[in-house]
Structures are given as structure tokens and as C-alpha cells.
Amino acid sequence: MDINLLISIIIPTFNRAHLISNTLDSILTQTYTNWECIVVDDGSTDNTDELLKTYCANDKRFQYHSRPNNYLPGGSGARNYGFAVSKGNYIQWFDSDDLMLPDKLEVQINA
């Protein structure tokens with residue numbers, strides 16, 4: 001396993017504060033630890049921003065961005081912006097209500 005390969009996990013979100021903690025917690029348990037998680041908010045009006053700021057403060061691998069207006073609204077625009085700011089060798093598309101098994105990234109990087 002090459003631990004130097006960075007995986008960018010890109011997650012678009014919209015008003016998912018009630019769900020996204022489970023998603024982010026499942027990412028934190030990964031056995032492969034060289035990842036960045038880029039969450040792109042598509043204009044949430046709930047407390048998504050407060051929640052994500054806590055994750056970012058506790059683990060520098062998390063990033064939180066608001067989708068800029070020059071990207072189309074919706075999940076695709078948020079994903080495209082996340083891809084534009086990502087630095088990974090590999091991309092893992094993910095949704096804000098998905099859960100990752102603890103060895104998912106390790107299994108994929110070994111393949």
C-alpha cells in the first residue's frame with residue numbers, strides 16, 4: 001500500500017446537518033488515513049456551517065466550502081467546485097447521507 005497517495009473525498013451538501021455527522025464520523029474511522037474531505041455547501045439554511053466548522057477545527061483533513069456563484073446550483077455544481085479545489089491523486093465521490101466502511105479506502109487503494 002502506498003500511503004503517499006492522497007484521496008480526495010468530495011461531498012456536496014444541502015441542509016443535511018441532521019445526517020452529515022454520521023457520514024463524517026465514518027470517514028474519520030478509515031484505516032487508510034491519507035485523505036482530504038472536501039464538503040461543498042450548496043446554500044444550506046440549517047446549521048451545516050456550524051457543524052462543519054467544528055469538524056474542520058478538530059481535523060485539518062476536513063475542508064468546508066460554500067459553492068461559489070460561478071458554479072451552477074445543485075449537487076453537480078458543488079461536486080465540480082470540490083473537484084476544482086481537490087489535491088488528491090484519486091477522487092472518492094460521496095454523498096452527505098452515505099456511510100463508509102472502515103477499510104473502504106484501504107481496500108480501494110490496494111486494488
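In terms of heavy atoms, Ala78 sits closest to Pro12 at CB-CB, 3.6 Å.
In this structure, Leu99 places its CG atom where more than 12 heavy-atom neighbours from other residues, nucleotides or ligands lie under 6.0 Å away.
Put simply, CG on Leu52 and OG1 on Thr54 are 8.5 Å apart, with the number rounded to the nearest 0.5 Å.
Asp95 pairs by the salt bridge (Lys or Arg N to Asp or Glu O under 4.0 Å) definition with Arg79, not counting sequence neighbours. A search for side chain to side chain donor-acceptor pair (under 3.5 Å) contacts involving Asp59 returns Arg61, not counting sequence neighbours. Scored by the side chain to side chain donor-acceptor pair (under 3.5 Å) test, Thr13 finds no partners at all (sequence neighbours excluded).
In this structure, Ile38 is not a member of the same hydrophobic cluster as Ile109, with clusters built from ILVMFWY side-chain heavy atoms closer than 4.5 Å. In terms of hydrophobic clustering, with Ile, Leu, Val, Met, Phe, Trp and Tyr side chains grouped at heavy-atom distances under 4.5 Å, Val40 and Ile27 are assigned to different clusters. Cluster annotation: Leu105 and Ile10 are assigned to distinct hydrophobic clusters (Ile/Leu/Val/Met/Phe/Trp/Tyr, side-chain heavy-atom contacts under 4.5 Å, transitive).
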Donor-acceptor pairs under 3.5 Å, side chain of residues 14-26 to any protein atom, not counting sequence neighbours: which ones?
{"residue": "Asn15", "atom": "OD1", "partner": "Thr45", "partner atom": "N", "Å": "2.6"}
{"residue": "Asn15", "atom": "OD1", "partner": "Asp46", "partner atom": "N", "Å": "3.1"}
{"residue": "Thr23", "atom": "OG1", "partner": "Ser96", "partner atom": "O", "Å": "2.8"}
{"residue": "Thr23", "atom": "OG1", "partner": "Asp98", "partner atom": "O", "Å": "2.8"}
{"residue": "Asp25", "atom": "OD1", "partner": "Tyr55", "partner atom": "OH", "Å": "2.7"}
{"residue": "Ser26", "atom": "OG", "partner": "Thr23", "partner atom": "O", "Å": "2.7"}
{"residue": "Ser26", "atom": "OG", "partner": "Met100", "partner atom": "N", "Å": "3.0"}

Please list, one pair per line, the donor and acceptor atoms closer than 3.5 Å that link side chains of residues 62-69 to other protein atoms, with sequence neighbours excluded.
{"residue": "Gln63", "atom": "OE1", "partner": "His65", "partner atom": "NE2", "Å": "2.9"}
{"residue": "Gln63", "atom": "NE2", "partner": "Glu36", "partner atom": "OE1", "Å": "3.0"}
{"residue": "Tyr64", "atom": "OH", "partner": "Asp41", "partner atom": "OD2", "Å": "2.5"}
{"residue": "Arg67", "atom": "NE", "partner": "Asp42", "partner atom": "OD1", "Å": "2.4"}
{"residue": "Arg67", "atom": "NH1", "partner": "Tyr71", "partner atom": "O", "Å": "2.8"}
{"residue": "Arg67", "atom": "NH2", "partner": "Asp42", "partner atom": "OD1", "Å": "3.3"}

Enumerate, atom names and distances included, each donor-acceptor pair closer than 3.5 Å involving a side-chain atom of residues 85-94, sequence neighbours excluded.
{"residue": "Ser86", "atom": "OG", "partner": "Phe83", "partner atom": "O", "Å": "2.8"}
{"residue": "Asn89", "atom": "OD1", "partner": "Leu6", "partner atom": "N", "Å": "2.7"}
{"residue": "Gln92", "atom": "OE1", "partner": "Lys104", "partner atom": "NZ", "Å": "3.2"}

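Remark: side-chain polar atoms of Gln30 are paired, donor with acceptor, to backbone N or O of Leu101 under 3.5 angstrom.
Looking only at side-chain heavy atoms (C-beta outward), Asn110 and Tyr32 stay at 4.5 Å or farther from each other.
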